[in-house]
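Working notes for the structure below.
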Amino acid sequence: MKDKMDAFRAYIDDELEMSEIQEFESNLSDVEKSELQNDIFIKKILSESLEELPADYMQNLNKKLELAHSDEAVMQSERYNISKKRERANFRTLFSKLYEFLSELFAFVRVPRYGISLAVLVLVIAIVPQMGDVVFEKDGVYNSIGNFGEKNATDMISPRTVNKSDMEMNSYEAMPQESGGYEMRTEEMKSEPSFEMNDSGAQAMGIMANEKEAQSPKSKSMDMAKEEQKKSGNVSEKKIIYRCHINVETLDFDAFEGNLNDWITRYGAYIDSKNISSTSVEDEYGQEKRFRSGQIVIRLKSSGFFEALSELRGMDNLVSENLSAEDISLHYADTKQKKKNLEAREQALLKLMEKAQNMEDILMVDRELSTVREQIERYGDRLLVWDDLVDYSTFTIYVEEVESKKPFIKPVPKGFFEKIGDTFIAAINNLMNFFQNLVILIVYNIFIIVLFFIAVFVLMGILKKKREKKLNSSLQGVEENSGEDKKS
Amino acid sequence: MDEMSLIKRAQQGDMPAFNELIKPYIKPAYNIALKYLKNKEDAQDISQEAFVKVMKSIHAFKGNSAFSTWLYRIVVNLCHDFYAKSKKRAEALENLSFHYSESDEEMSEQKDKSQAIHEVLQDMDEEKRSILILRDVQGFRYDEIADILNIPIGSVKSKISRAREQFKQIVYSNRNYLEALSIRRIEG
């Protein structure tokens, strides 16, 4: 039996040689031939049963992918912030240990201070020219640290444009550039908060912005909200789900939490979830400091979304902002209609049930009825979830307690003095970047530097000893000469 | 651009590259889910969820198997989980119209056939259904099916025979299926 089934399979799947086929066919009974024909026919109808994608399939898929991608980008930035903090802690520990080691070494070898300064100077002169070529790998992101001036110019990212083509790319800010260069994620996150909308959300809000119009996203989003609210009268009528991911830095976590609680009370919001954790970091003096960070998910009435967002922006140092508006009006109406149809079908089935004459019919109708009711319940649940998401917007706030806030540069100066001011800030940033990169480079070359210092100290020690020896021998010569003089 | 380059770009977060990468697999993935779950909406949700999952974990794709195999394995696993959680959900609304709707007569022959195939597949054992969908509906090779389902190639061969036999027996057991699929029952 097993062999027969296997032979059938091999025959159907064209695995047999011509001679085997002839042998197989000649050994088949009439019944087996008919069975085989049926098998082949079944395979054929199965292969022809592929169906086309539903009309809205691609649209929905793109929406889901975009949403997931933007969530992923936010998660990445959060992960990056945590790793940065760890890096900073590691740097501090490393430097304090290096400082102690060098101090002990200097004390032991008794190298004069100007010797150390000279060695450092030689080292810097030797290393700095390499800086344009060196490439680091950090968290899987390669970053060229050369061309400081140019880099800074690109770092001062202009505000996100909100035209359609850009919206398609809006989630890829933290990703490598086409040209092959890569931008660091932190610096991107320092740019003017961007706001994102998926296609339908944008259409729902009537966005037709060009690059110039998009130069002030904050005011732009507020204007859009007002326009939208004027048009619709009520946000919930349009069935738009608003979501906002915000990254905030604060110097005082308790104060921020207090302000946030006031904000929550003022807007009648509630905390959906809250995850706070603290990390201990050792400073350069070996003192332990604790920094808190975490994620707070807040839900609040959509009617106050933009007003609340505006206030939230001013609460503390906003590092990044990711706003999405998903228009589900069509899906909502569609699902509502489906539910309505099913309810009508449920009534028809109930009538059928009344007319059913035998047990078999009753059981069949009952089976279908339970299926329909399950579907009704499912659609009902889906509508309830949507209602909730539409009525209440979701704010996901990632807050990080830091020692000092990151410097923030306004991207487009309005006047001459502002330009001067911004240029000055940019110059300071440039300088800061230079020293940061220099420190990174030193750490990158730490083992070479240590070996260099050891070589210098050993060399200086040898020279010192030689000098002392020479001095001693000359002193001895002088003493001998003076002895001879005395004798004579 | 070849698939490997698209994978690399997608791993770096290049969304257009990811869209290009998954383009040829969208319809097959949807059809696997559709045959597995029957309900069109569930099939849409599950296949789309699979693509989202693929996007989120593409950085972990090492290329040990073909991208398509990896993707289809995710689709099949999601279908399996979904089916296990709620078997009844997989029943489509068309069931009702098939048996009771007044529009029975208006239903095209093709729709009858496709509906019958869906129903027969739903009545099959889950493993046999998976193999039949992958082999006879999607036309995958034995080695691809073995990779997707993570079973030896020999098991695929033996199971496909049993799956076809089960499909046929379910069709034979129901007059509606025989009529819808234009199959004549063999007595013997």
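We name chains A, B, ... by the order of the sequence lines, and we start the count at 1 in each one.
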Any donor-acceptor N or O pair under 3.5 Å, side chains A/Asn38, B/Tyr172: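 Checked: A/Asn38/B/Tyr172 side chains pair up, N/O donor to acceptor below 3.5 Å.
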Checking B/Arg9 against B/Phe18: charged group under 6.0 Å from the ring centre and within 45 degrees of the axis? no
Chain B contacts, top residue of [options] (heavy-atom pairs, under 4.5 Å):
options                            : result
A/Ile12, A/Asp13, A/Asp39          : A/Asp13
A/Gln37, A/Met58, A/Glu35, A/Lys43 : A/Glu35
A/Lys338, A/Glu32, A/Lys44         : A/Lys338

Please classify the contact of B/Gln138 with chain A as side chain, backbone, both or neither, using a heavy-atom distance under 4.5 Å.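 Contact with chain A involves the side chain of B/Gln138 alone.
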In terms of heavy-atom proximity below 4.5 Å to chain A, should B/Leu181 be classed as side chain, backbone, both, or neither?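 For B/Leu181, heavy atoms of backbone and side chain both lie under 4.5 Å from chain A.
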State whether the number of non-hydrogen atoms from other residues, nucleotides or ligands found under 6.0 Å of A/Leu330 atom CG is greater than 12.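 Open.
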So which of B/Ile133, B/Ile148, B/Ile145, B/Leu71 actually passes side chain to side chain contact (heavy atoms under 4.5 Å, CB included) with B/Val76?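 Checked B/Ile133, B/Ile148, B/Ile145, B/Leu71 against B/Val76; only one passes side chain to side chain contact (heavy atoms under 4.5 Å, CB included): B/Ile148.
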For the side chain to side chain contact (heavy atoms under 4.5 Å, CB included) test, which of A/Gln347, A/Glu374, A/Gln375, A/Gln337 pairs with A/Leu342? A/Gln375
Side chain, backbone, both or neither: which part of [X] has an atom under 4.5 Å from a heavy atom of chain B?
X       : value
A/Asp30 : neither
A/Glu52 : both
A/Lys33 : neither
A/Phe8  : neither

Looking at B/Gln44, B/Lys168, B/Lys27, B/Gln48, which has the largest count of heavy-atom pairs under 4.5 Å with chain A? B/Gln48
Best-contacting candidate, B/Ile160, B/Asp45, B/Ile22, against chain A by heavy atom pairs under 4.5 angstrom: B/Asp45
Please work out which of the three classes, parallel, tilted or perpendicular, describes the rings of B/Phe140 and B/Tyr72, given edges at 30° and 60°. tilted
Check the angle between the aromatic planes of B/Tyr30 and A/Tyr57 and answer parallel, tilted or perpendicular using the 30° and 60° thresholds. perpendicular
What distance separates A/Ile45 CD1 from A/Ile40 CD1, expressed to the nearest 0.5 Å?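 If we round to the nearest 0.5 Å, A/Ile45:CD1 and A/Ile40:CD1 are 13.0 Å apart.
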